[in-house]
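When a residue number appears, it is its place in the shown sequence, counting from 1.
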Amino acid sequence: VRIHYSLEVPDGRTFPTASDLWIVPRGKFFFMMGAGTRQDEKTGPWADIEKILSSVLIEGKSGDPDGAATDSPLNRPGKN
């Protein structure tokens with residue numbers, strides 16, 4: 001999910017922000033991972049977040065029917 005919103009700090013300044021959230025179900029539980037930056041990317045480029053996401057691999061335990069999925073949507077090319 002991608003959310004765009006404005007973050008306001010106590011001194012009244014606002015920063016247009018973009019946040020993404022990925023939820024990866026695994027049997028009886030799930031992994032939840034999120035990332036965000038300013039929409040103008042002054043606090044970091046989105047490409048840096050994508051680079052980190054491309055390094056994530058979530059594997060199910062071998063032989064565990066409740067968590068047997070072996071690939072993660074986080075590892076698929078393109079935007080999720």
Q: When rounded to the nearest 0.5 angstrom, what is the spacing between CH2 in Trp22 and CZ in Arg2?
A: 7.5 Å
Q: Which heavy atom of Met32 sits nearest to which heavy atom of Leu21, and what is that distance?
A: CG-CD1, 3.4 Å
Q: Is the number of heavy atoms from other residues, nucleotides or ligands within 6.0 Å of CZ (Phe30) greater than 12?
A: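 No - once you tally the heavy atoms of other residues, nucleotides and ligands closer than 6.0 Å, there are 12 at most.
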Q: Work out which heavy atom in Ala35 is nearest to a heavy atom in Ile49; give both atom names and the distance.
A: CB-CG2, 3.5 Å
Q: Are Phe29 and Val56 in one and the same hydrophobic cluster, where Ile, Leu, Val, Met, Phe, Trp and Tyr link if side-chain heavy atoms are under 4.5 Å apart?
A: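 Yes: a chain of side-chain contacts under 4.5 Å links Phe29 to Val56.
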Q: Write down the atom of Pro25, the atom of Ile23, and the distance for their closest heavy-atom approach.
A: CD-O, 3.6 Å
Q: CZ/Arg38 to OG/Ser6 distance, rounded to the nearest 0.5 angstrom?
A: 11.0 Å
Q: Any side-chain heavy atom of Met33 sitting closer than 4.5 Å to one from Leu53?
A: yes
